[in-house]
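The chains referred to below are lettered A, B, ... by the order of the sequence lines, with proteins before strands, and numbering in each begins at 1.
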There are 2 protein chains.
Amino acid sequence: MKQAAKPRPSGNASLEKGLDLFNRIARDRGQTPLAALAAEMGLPRSTLYRLTNALEGAGMIARLERHHYEVGLPLAEALRGMTPESQLARLSRPALRRLASTCGATAHLGVMENDMVTYLVKESAGSVPAEPSFSRENTQLEAYCSGIGKVLLAWLPEEERARYLAGGPFVALTQRTITDPVVLQETLQTVKAEQFARDDGEIADDLYCLAVPLWTGDQRVAAAISLSFARRAEQRREDEGHLAMLRACAARLSIGGDGFFS
Amino acid sequence: MKQAAKPRPSGNASLEKGLDLFNRIARDRGQTPLAALAAEMGLPRSTLYRLTNALEGAGMIARLERHHYEVGLPLAEALRGMTPESQLARLSRPALRRLASTCGATAHLGVMENDMVTYLVKESAGSVPAEPSFSRENTQLEAYCSGIGKVLLAWLPEEERARYLAGGPFVALTQRTITDPVVLQETLQTVKAEQFARDDGEIADDLYCLAVPLWTGDQRVAAAISLSFARRAEQRREDEGHLAMLRACAARLSIGGDGFFS
DNA sequence: CCAAATAATCCCATATTATGGGATTATGAA
DNA sequence: TTCATAATCCCATAATATGGGATTATTTGG
């Protein structure tokens, strides 16, 4: 269900129609015959036909057989080696770098993969050598003990979260690590209610971290970003400011400002 | 250097300009600032600006920072899991299936990867269980002894071919396998001159195979397709007809007919 | 810190361009 | 063969993109 369709009057209706058509073809890999698309889009066949031709000429799509279009080879070639994850990392890195620099902390971006958190971006403040060394880009960590992990778990679909919680055991990394599934479950509810997660020395004794979700256009949580501090003591007093900045950054990366997600 | 720019008067100049812009951004991952693109394309800034907006709105590109565009996340997501190779396989399979069925043989499509031939498509005629079982899709074989391999080697850039030939040894799979680099070199020249390669029992005693190249828009050989027959005896008498069909198929897959490449 | 330079964004009258109804042709089914 | 469906083409017209130039934002240099 689409949320408030962008009313951006871009000024190039023709381009928009063409791109819309391309999106439809790309998303279902050309399963839908052209006639059906014409109906969906409320456009006459002749128009669709012309658009299709232009898309084909540009290498965006290719025609296989009757009623069958596909993403074109030139496009695939141009995008060689690109994955959604690598792209998300590229797109978010500048903002995370600024965030880290502003807050004098380390900023992370992570996504959920196979019940683990994969860190796609790690940006540390200024010249400070990356203080929290628990993470590295493109490596995975357990979800239950990190801020990003808790955010991602909190917004997991109901059944998946239940499955995760039942899947333990949750090994203690510090005295504060949450190891009881019931407590973890409650914590995740709090995360969802408060719209952020806190890791207060649950990975390493002096590590403190705040995390917030990134939203997609269709109201899913696609990733989470966090700020990590190497000194835990009294860190909470600064939560408010740091959360505000985290949220501003999240808004910019989510559908809000520039809107990387659909 | 572009070869005879397609004069296809597609009827949607606006879409074409937008897609052209997208291509330029995608290909160099947004390295070129907008102003430079405007110059390249011979369009005023305001137009570029509008096009950029439309592309961004459709999720095709995203803006990172000043002067910095990037392929959009929605597009990356829509194309998740797609590689140029998988796409080439999808696009060419129907044509190869028809070819195999028409000729009562097995058709292959292969590309060069790390000095080996990777078979991306294997389609056998009708109900016949795949006769030549030397190959499987997505597996690699030595290049020097197969039809497809010889085609790909023949059109390799000069230095690469020299390096390959110096890299032996070339193990004999049958009595007929070419194992002498000098002979192989000569064979490749013949392939280039005749525009096709023949494997006459060089992989397995009774295996006969004809292969021709697939051309890209900029006159490179991107892949090769072949017809394999399980009975070698007297097969040559039918070469002419089979080559004609192979070439027709290659033309259709190359820039000719529908033109999957660029 | 300000000023100059550069890039991005916006606006609007106009001509260029896409539009879509409908005719025609190709393809596949019966 | 005939019918049904989809693809392709054509063209007068309305709608749309166009781009010159003004305005605003951002960066750079002094």
Side-chain angles (χ1 to χ4, degrees), chain A residues 6-22 24-25 28 30-58 60-70 94-95 97-98 101-102 252 257-259, chain B residues 6-22 24-25 28 30-58 60-70 94-95 97-98 101-102 252 257-259:
Chain A
K6 298 177 188 174
R8 191 195 303 231
S10 97
N12 266 52
S14 169
L15 218 196
E16 280 181 349
K17 283 175 200 165
L19 295 177
D20 182 20
L21 173 59
F22 169 74
R24 289 165 191 270
I25 293 175
D28 72 349
Q31 294 308 298
T32 315
L34 223 158
L37 288 176
E40 267 183 45
M41 301 175 61
L43 292 173
R45 299 106 194 283
S46 28
T47 300
L48 263 269
Y49 168 70
R50 255 178 309 111
L51 294 177
T52 305
N53 265 4
L55 288 173
E56 191 189 5
M60 305 290 290
I61 63 175
R63 40 193 48 178
L64 280 190
E65 309 174 287
R66 205 135 241 275
H67 319 190
H68 227 121
Y69 291 82
E70 255 289 359
R97 176 171 299 155
R98 272 195 303 273
S101 156
T102 308
R252 216 139 38 78
D258 297 324
Chain B
K6 297 177 190 176
R8 193 192 304 229
S10 96
N12 265 52
S14 169
L15 219 195
E16 280 181 348
K17 282 174 200 163
L19 295 178
D20 183 20
L21 174 58
F22 168 76
R24 290 165 191 271
I25 293 174
D28 72 350
Q31 294 308 299
T32 316
L34 225 158
L37 288 175
E40 266 183 45
M41 300 174 61
L43 292 173
R45 300 107 193 285
S46 29
T47 300
L48 261 270
Y49 168 70
R50 257 178 307 112
L51 295 176
T52 306
N53 266 3
L55 288 172
E56 190 188 5
M60 305 290 290
I61 63 175
R63 39 191 49 177
L64 281 191
E65 309 175 285
R66 204 134 241 275
H67 317 189
H68 226 123
Y69 291 80
E70 254 289 0
R97 176 170 298 154
R98 273 195 302 275
S101 155
T102 307
R252 216 137 39 77
D258 295 323

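A straight line from CZ of A:Arg50 to P of D:dA17 spans 13 Å, rounded to a whole angstrom. Taking atom CG on A:Leu19 and atom P on D:dA17, their separation rounds to 12 Å, with Å as the unit. Separating the CG atom of A:Leu21 from the P atom of C:dT19 is a distance of 11 Å, rounded to the nearest angstrom. Summarising the geometry, the separation between CG on B:Leu55 and P on D:dA17 is reported as 13 Å, rounded to the nearest angstrom. Note: NE2 (A:His68) to C1' (C:dT27) measures 17 Å, nearest angstrom. In this structure, B:Leu15 atom CG and D:dT18 atom P are separated by 11 Å, rounded to whole Å.
Closest to the side chain of A:Arg63, from the set D:dT8, C:dA18, D:dT18, is D:dT8.
In this structure, A:Asn12 and B:Ser14 approach most closely via the heavy-atom pair ND2-OG, 3.4 Å. Considering all non-hydrogen atoms of both residues, B:Met60 and B:Phe22 come closest at O-CE1, 3.4 Å.
Using a 4.5 Å heavy-atom cutoff, the side chains of B:Leu21 and B:Met41 are in contact.
For the pair B:Asn12 and C:dT19, the criterion of a side-chain N or O lying under 4.0 Å from OP1 or OP2 is met.
A:Leu34 comes within contact range of the sugar-phosphate backbone alone, with a heavy-atom separation under 4.0 Å but no base atom that close.
Comparing A:Lys17 and A:Ala35 against DNA chain D, the residue whose closest nucleotide sits nearer the 5' end is A:Ala35.
Judged by distance alone, with hydrogens and angles left aside, the side-chain atoms of A:Thr47 form no donor-acceptor pair with the main-chain N or O of A:Leu43 at under 3.5 Å. Side-chain N or O atoms of A:Ser101 include none that pairs as donor or acceptor with a backbone N or O of A:Arg97 at under 3.5 Å.
Annotation: A:Arg24, atom CZ; neighbour count of heavy atoms from other residues, nucleotides and ligands within 6.0 Å is above 12.
Of the residues in residues 40-49 of chain A, A:Ser46, A:Tyr49 come within less than 4.0 Å of DNA chain D through at least one heavy atom, sorted by number.
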